[in-house]
Amino acid sequence: MQTNEIGTEKAKYLFPRESITGLYHWRAGQIERHNNTFCSKLLPKENIRFLSVKIKFNMKFRAKMIDVGCLNHFTRVVNTISKLTKICILRLTPNNLYFVLSGKVASGGVGMWCELSQANFFDEYQLEGVAPDANEICLEVTPENLSRALRTSQNAKCVKIKLTKKHCPCLTFVAELPTLSSVSRVVTHDIPVDVIPRRLWHDFKEPRMPDFDVSIYLPPLKTMKNVVDRMKNLSNFLVMEANLNGEMNLKIETDLVSVTTHFKDLGNPPWGDDGSQGRSQSRDPEVMAHTRVDIRKLQQFLMGQQVNPSKAMCNIVHKRIIHLILLHEDVSLQYFIPAVA
């Protein structure tokens with residue numbers, strides 16, 4: 001039986017998810033409800049004297065953007081996320097925002113971690129989390145809905161974002177648009193979200209840097225995208241390989257054709273002694289580390305990115321993972337693509 005949780009307080013009794021929405025009080029022989037039907041046969045009446053389900057929504061989030069450049073940059077980031085995943089976790093903290101896709105890479109799913117410094121985007125930013133010792137809020141969101149709301153706000157004087165409780169938890173976008181008259185024009189978008197309970201937060205922490213074999217700077221992403229787009233017409237899988245001499249190859253091999261694109265003099269990032277490059281330190285610079293991946297996942301990453309990174313890197317864990325990293329002065333995006341057999 002699928003269950004539901006309201007706000008931050010775990011319900012003491014279990015109900016079907018489709019029945020809990022709008023339920024406030026339930027007494028023996030009498031049901032007070034809103035919007036949804038409820039089957040009184042779920043629990044025997046003789047076992048219930050009084051049951052009250054309290055709906056708590058003590059979390060608060062409010063932010064405001066005035067600068068047009070910040071608004072456009074934030075829109076580009078959200079657009080990028082919307083191209084990479086249909087649903088993700090928006091994690092709000094006092095200093096940062098995170099878009100998280102906690103895919104099980106070992107099971108073939110992709111993973112994503114995008115970090116933004118709130119001070120570089122918002123003129124006002126207020127947050128009250130689920131508890132004093134856990135001043136965070138985790139929401140499951142549909143990035144495409146966020147992207148649509150922001151697209152209608154591109155020329156706004158200001159955009160306000162707040163967490164509201166209407167018929168369900170929502171992220172409410174309020175855009176004040178310019179007009180030729182003295183009367184202001186306001187557009188409001190209510191985007192439904194799901195509140196993630198605190199007991200599940202451990203699934204949405206920053207992923208550990210993998211112990212990679214080779215780390216290399218990527219060629220211009222537009223060039224790389226054009227190559228991958230052409231290769232996709234020939235095969236469903238691509239082999240990415242690189243060494244410590246700044247060389248990288250993209251290869252496809254089928255029964256009918258074998259195609260390789262070579263990149264040279266890309267350079268290798270100077271990672272610090274953080275324990276994440278133990279294998280690469282003693283590796284022969286000429287030897288290639290390679291991973292075979294689903295070409296559609298790599299293409300999706302290259303097509304979606306609108307961050308315009310100052311640095312783009314790739315860490316290769318031999319025959320296991322490709323770890324892509326895009327760095328901007330106020331945004332970092334990590335994307336994990338698992339190997340395929």
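The analysis underlying the following values was restricted to heavy atoms, covering all of them including side chains, and did not include hydrogens, waters or symmetry mates. All values derive from a computational prediction rather than experimental measurement.
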**OP:** Quick one: do Phe173 and Ile191 satisfy side-chain contact (heavy atoms from CB on, under 4.5 Å)? Show the steps, please.
**Re:** CA-CA 8 Å; Phe173 285 68; Ile191 300 174; 3.7 Å; yes
Original post:
Passes salt bridge (charged side-chain N to carboxylate O under 4.0 Å, His left out), Glu144 versus Lys86? Steps please.
Top reply: CA-CA 7 Å; Glu144 177 60 27; Lys86 293 182 179 179; over 6 Å; no
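For the residue pair His189/Thr172, the side-chain donor-acceptor check at 3.5 Å is not satisfied. In this model, a donor atom of one side chain and an acceptor atom of the other lie less than 3.5 Å apart for Ser147 and Asn79. When only modelled atom types and interatomic distance are considered, Asn249 and His262 share a side-chain donor-acceptor pair under 3.5 Å.
Under a 4.0 Å N-O distance rule, the pair Glu241/Lys251 qualifies as a salt bridge. In this structure, Glu124 does not pair ionically with Arg62, as no charged nitrogen and carboxylate oxygen lie closer than 4.0 Å. Salt-bridge annotation for Arg198 and Asp133: present, with a side-chain N of the basic residue lying under 4.0 Å from a carboxylate O of the acidic one.
Rounded to the nearest 0.5 angstrom, Asn95 CG and Leu116 CG are separated by 13.0 Å. Within the model, atoms CG of Leu92 and CG of Asn135 stand 10.5 Å from one another, a figure rounded to the nearest 0.5 Å. One distance of note links OH of Tyr98 with CD1 of Ile89; it measures 15.0 Å at 0.5 Å rounding. One distance of note links CG of Leu127 with CD1 of Ile137; it measures 4.5 Å at 0.5 Å rounding. Once rounded to the nearest 0.5 Å, the distance linking OG of Ser102 with CH2 of Trp113 reads 10.0 Å. Annotation: the span from Lys319 atom NZ to Thr291 atom OG1 amounts to 9.5 Å, rounded to 0.5 Å.
Between Phe99 and Phe74, the angle of the ring planes lies from 30° to 60°, which puts this pair in the tilted group.
By the 4.5 Å heavy-atom criterion applied to side chains, Leu266 and Leu218 are not counted as neighbours. The side-chain heavy atoms of Leu324 and Ile337, taken from C-beta on, include a pair separated by under 4.5 Å. Using a 4.5 Å heavy-atom threshold, the side chains of His323 and Val317 count as separate. Side-chain contact between Gln154 and Thr75 is present, with at least one heavy-atom pair separated by less than 4.5 Å. You'll find the side chain of Leu171 reaches within 4.5 Å of the side chain of Leu90, heavy atoms only. The shortest side-chain heavy-atom distance between Ile66 and Lys157 does not fall under the 4.5 Å cut-off. Side-chain atoms of Leu250 and Val239, non-hydrogen and from C-beta on, never get closer than 4.5 Å to each other. Counting only heavy atoms from C-beta outward, the side chains of Ile81 and Leu101 never approach each other to under 4.5 Å.
Taking the ring centroids of Phe121 and His73, they lie under the 6.0 Å cut-off.
Heavy atoms from other residues, nucleotides or ligands lying under 6.0 Å from NZ of Lys205 number more than 12. Within a 6.0 Å sphere centred on CZ of Arg230, other residues, nucleotides and ligands contribute 12 heavy atoms or fewer. Around CG of Asn233, the count of heavy atoms belonging to other residues, nucleotides or ligands within 6.0 Å exceeds 12.
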